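Here's the structure, in structure tokens; my notes come after.
Fair warning: this is a prediction, and the values are worked out from it, not measured in the lab.
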Amino acid sequence: MGVVPLREILDRAFRERYGVPAINIFNDLTLEAVLAGAVRANSPVIVQTSVKTVRSIGPKALASMWRSMTDGITIPVTLHLDHCPDREVLSTCLREGWNSVLFDASELPVAENQRQTIEVVKEARSFGADVEGEIEAITGVEDGHGSDTEAARESLETSLRFIEATGVDVFAPSIGNAHGSYTSAPVLDVQRVSDIVERLPIPIALHGGSGLTTAQFQDLISRGAAKVNISTAMKEAYMKSNLSFLRETEKANKWDPPSLFTSVSRDLTELVNDLAQQFGSAGKAW
């Protein structure tokens, strides 16, 4: 199938009520593993990059890596810029071929957030790209962005007005979810997802997915959460896999970098395959 717009992936997932893994990558190995895991599961996948990753690797290098690794791929894939408050970075990524962006102006007053999001949607459309919007900051710091202080939630009517006025393609409400590792079981306002979807049939993005239970995932997906973000679980799996392999390498005193890469890639590929099974997207590629 190859690279497709975000809307094409999410509209089908929303209609059929399954979740699509939206996984943050941070180097070539993680990108390769995410794609391999999705291919194994025969699942669509959303590959996400943080602003930190874009700045670390460089947008041109990332875009080149993306084009090379997705050339001839047999499943629907799309490249998404996650949580970007910087309009310049956002514009650069759109020019380099990102298929969608999350313009994160949640720290601004809703009216200003809405005004700028309208501009971003117009810009994105000129590149054939889609836009995710949010009006409340998701609790937690991720890749240097965000706050551990829970933001106040806006009313349902405010959310609906924002969605209608901006024309965003996917909406990310705050429902008690958080970025990073949960220190206790989160209490999720799942009804908020249903309330939005019942009034406006728009795919919902679930942030802070790492650490939720299968039952929580399935409940939220059944209510309209079609985009399920996974970042912390990917980072932890990557670091722990490296650490485990290197400990064994030290014991054996055998130092072979390609074997490390193969081992870590295998673990991450399995993680992605498991997520697709858990979210119901396995076998949904077209």
Residues 35-47 vs side-chain hydrogen bond (donor to acceptor under 3.5 Å, both in side chains), sequence neighbours excluded, gives R40-E270, S43-S281
Indicate every side-chain donor-acceptor pair of residues 190-198 with a distance under 3.5 Å to a residue at least two apart or in another chain.
| unit_1 | atom_1 | unit_2 | atom_2 | d |
| --- | --- | --- | --- | --- |
| Q191 | NE2 | D195 | OD1 | 2.8 |
| R192 | NH1 | E136 | OE1 | 3.1 |
| R192 | NH1 | E136 | OE2 | 3.2 |
| R192 | NH1 | S174 | O | 2.8 |
| R192 | NH2 | E136 | OE2 | 2.6 |
| R192 | NH2 | E154 | O | 2.8 |
| S194 | OG | R223 | NH1 | 2.8 |

Between R55 and D86, does any side-chain N to carboxylate O distance fall below 4.0 Å?
yes
[X] side chain to [Y] side chain, donor-acceptor N/O pair below 3.5 angstrom:
X    : Y    : answer
D267 : Y238 : no
Q114 : T166 : no
W66  : T49  : no

For [X], enumerate each residue passing the side chain to side chain contact (heavy atoms under 4.5 Å, CB included) test, keeping only those at least two apart in sequence or located in another chain.
X    : result
S56  : none
I73  : L35, V39, T70, I75, V77
P5   : E8, D130
E157 : S155, L160, R161, R199

Give the ring-plane orientation class for F171 versus F162, where under 30° counts as parallel, over 60° as perpendicular and anything between as tilted.
tilted
Any side-chain to backbone donor/acceptor pair from S68 onto M65? Under 3.5 Å, distance only.
no
Backbone N or O of Q48 within a donor-acceptor pair of the D82 side chain at under 3.5 Å?
no
Heavy-atom check, side chain of H83 versus side chain of H207, under 4.5 Å
yes
Can you name the salt bridge (Lys or Arg N to Asp or Glu O under 4.0 Å) partners of D274, sequence neighbours left out?
none
E16: salt bridge (Lys or Arg N to Asp or Glu O under 4.0 Å) partners, not counting sequence neighbours:
R12, K284
Going by atom type alone, with no hydrogens or angles, which donor-acceptor pairs under 3.5 Å involve a side-chain atom of residues 254-264 and a protein atom two or more places apart or on another chain?
| unit_1 | atom_1 | unit_2 | atom_2 | d |
| --- | --- | --- | --- | --- |
| W255 | NE1 | N253 | OD1 | 2.9 |
| D256 | OD2 | S259 | OG | 2.4 |
| T262 | OG1 | P258 | O | 3.0 |

Tracing side-chain links under 4.5 Å among I, L, V, M, F, W and Y, which residues wind up in one group with L108?
none
Connected to V4, directly or through other members, by ILVMFWY side-chain contacts below 4.5 Å are M1, L6, I9, L10, Y18, V20, I46, V170, W286
Could you walk me through whether E132 and H80 pass the side-chain contact (heavy atoms from CB on, under 4.5 Å) test, one step at a time?
CA-CA 9 Å; E132 179 180 340; H80 180 74; 3.2 Å; yes
Please list, one pair per line, the donor and acceptor atoms closer than 3.5 Å that link side chains of residues 115-125 to other protein atoms, with sequence neighbours excluded.
| unit_1 | atom_1 | unit_2 | atom_2 | d |
| --- | --- | --- | --- | --- |
| R115 | NE | E112 | OE1 | 3.0 |
| R115 | NE | E112 | OE2 | 3.4 |
| R115 | NH1 | E119 | OE2 | 2.8 |
| R115 | NH2 | E112 | OE2 | 2.7 |
| Q116 | OE1 | R87 | NH1 | 3.1 |
| Q116 | NE2 | E112 | OE2 | 2.9 |
| T117 | OG1 | N113 | O | 2.7 |
| T117 | OG1 | N113 | OD1 | 2.9 |
| E119 | OE1 | R87 | NH1 | 3.1 |
| E119 | OE1 | R87 | NH2 | 3.2 |
| E123 | OE1 | S91 | OG | 3.3 |
| E123 | OE2 | S91 | OG | 2.6 |
| R125 | NH1 | A129 | O | 3.1 |
| R125 | NH1 | D169 | OD2 | 3.1 |
| R125 | NH2 | G167 | O | 3.1 |
| R125 | NH2 | D169 | OD1 | 3.0 |
| R125 | NH2 | D169 | OD2 | 3.2 |

